[in-house]
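Residue numbers start at 1 and run along the sequence shown. Scope of the values below: all heavy atoms of this structure, side chains included, with no hydrogens, waters or symmetry mates.
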Amino acid sequence: MGASLDIDLLRSFLAIAQAGTLSAAATRVGRTQSALSMQMQRLEDATGQALLHRTGRGVRLTRQGERLLAHAQRILASHDEALADLTGSGLAGTLCFGCPDDYAAAFLPPLLRGFAAQHPLARIEVLCAPSPRLRERLADGTLDMALVSVPVTGATAREPLLRREPLVWVASPSAEALQQQPLPLALSDPDVLDHQAACEGLERLGIAYRVAYASGSLTGLVAVARAGTAVAVLTRCAVPPDLLVLPEAGQLPPLPQVGITIAHARTRPTALARAFSTHIAAVLPAL
């Protein structure tokens, strides 16, 4: 009997390809690094090819590893879909999903609960980061899919808008930061829509400002706003009840809405990714 490709070995190989390091992949698949290394040795023995190249920063795929990756993705997707269909237990497998902090806080718990009830064997791994960082992870294959922000005019046939969220100015209840000149701001990363909208709006009205705090962390932005040291810009769904949404009458410029859509890493998503996308599209607009 000839060599064969073991499903567990392929799943570990895919985890390494997505994570980029053995340590991160080991955590993902619940094995030790040494066990994962032994698995990769078995897979290389089965294929007769060197699949991974060890570097100081982690591992990268060889040319043969890149070829195997494309096959592994298709094989695992078909395997999980067939198993779920025959057992009647819903889809199985692991999905690497990205989501900005604000959407994670507002929408992720009900989205995950509902999907888990339908597909108890599926595992959703979540990475929280600003939308541009999630796009980067989709491009390098670290993520399978992500919920991302886009301009409301940026919808496409492949990435239709699922929901619109207004951006709002937020401060502590005393709004003491409004009295400072130049206006101190707490904003997300410079290439994120809320950061760009705030700066463009203030510049359009000739209002002097300074970015006192810049971070992709929602927790950090909220903490600075609570301290009263800066005015933040958040999506309306992410504003905690103890913070003040500032009126846009005269002193501050109006802010736009942002659209929410789903972006995929591949043009042909896996069955699990398609199912989660369908679930999000059905549930998110009503949350």
Can you list every pair that meets side chain to side chain donor-acceptor pair (under 3.5 Å) and has a residue in residues 228-241, with sequence neighbours left out? D102-T235

Within the structure provided, determine whether [X] and [Y] are in side-chain contact (heavy-atom separation under 4.5 Å).
{"X": "L147", "Y": "F97", "answer": "yes"}
{"X": "Q257", "Y": "L161", "answer": "no"}
{"X": "L183", "Y": "L252", "answer": "yes"}
{"X": "D189", "Y": "P132", "answer": "no"}
{"X": "P100", "Y": "V148", "answer": "no"}
{"X": "C96", "Y": "R137", "answer": "no"}
{"X": "S131", "Y": "V192", "answer": "no"}
{"X": "D191", "Y": "H195", "answer": "no"}

Check whether any side-chain N or O of S172 sits under 3.5 Å from a backbone N or O of A227 as a donor-acceptor pair, and report yes or no. no

Nearest atoms (heavy-atom pairs only) where [X] meets [Y]:
{"X": "Y103", "Y": "G259", "value": "OH-O, 4.5 Å"}
{"X": "R226", "Y": "P240", "value": "NH2-CB, 3.6 Å"}
{"X": "R11", "Y": "G93", "value": "NH1-CA, 4.2 Å"}

Between R133 and E136, does at least one N-O distance fall below 4.0 Å, as a salt bridge requires? yes

Using a strict threshold of under 4.0 Å (side-chain N to carboxylate O), is an ion pair present between E159 and R135? yes

How long is the straight-line distance from [atom2] of [Y] back to [atom1] of [X], given to the nearest 0.5 Å?
{"X": "T32", "Y": "M38", "atom1": "OG1", "atom2": "CE", "value": "9.0 Å"}
{"X": "W169", "Y": "D194", "atom1": "CH2", "atom2": "CG", "value": "10.0 Å"}
{"X": "R163", "Y": "F107", "atom1": "CZ", "atom2": "CZ", "value": "4.0 Å"}
{"X": "L51", "Y": "R60", "atom1": "CG", "atom2": "CZ", "value": "13.0 Å"}
{"X": "L52", "Y": "L61", "atom1": "CG", "atom2": "CG", "value": "6.0 Å"}
{"X": "T47", "Y": "H71", "atom1": "OG1", "atom2": "NE2", "value": "11.0 Å"}

Using the test side-chain hydrogen bond (donor to acceptor under 3.5 Å, both in side chains), find all partners of Y213 that sit at least two apart in sequence or belong to another chain. none

Check the side chains of Q39 and R42 for a donor-acceptor pair under 3.5 angstrom, ignoring hydrogens and angles. no

With under 30° as parallel and over 60° as perpendicular, where do the rings of H119 and F115 fit, or are they tilted in between? tilted

Result for side chain to side chain contact (heavy atoms under 4.5 Å, CB included) between F276 and one of L95, D144, I262 points to L95

For residues 214-222, please give each side-chain donor-acceptor pair under 3.5 Å, one per line with the distance, not counting sequence neighbours.
residue : atom : partner : partner atom : Å
S215    : OG   : S217    : N            : 3.0
S217    : OG   : T219    : N            : 3.3
S217    : OG   : G220    : N            : 3.2

Check against side-chain contact (heavy atoms from CB on, under 4.5 Å), L246 and V168: CA-CA 7 Å; L246 300 173; V168 292; over 6 Å; no

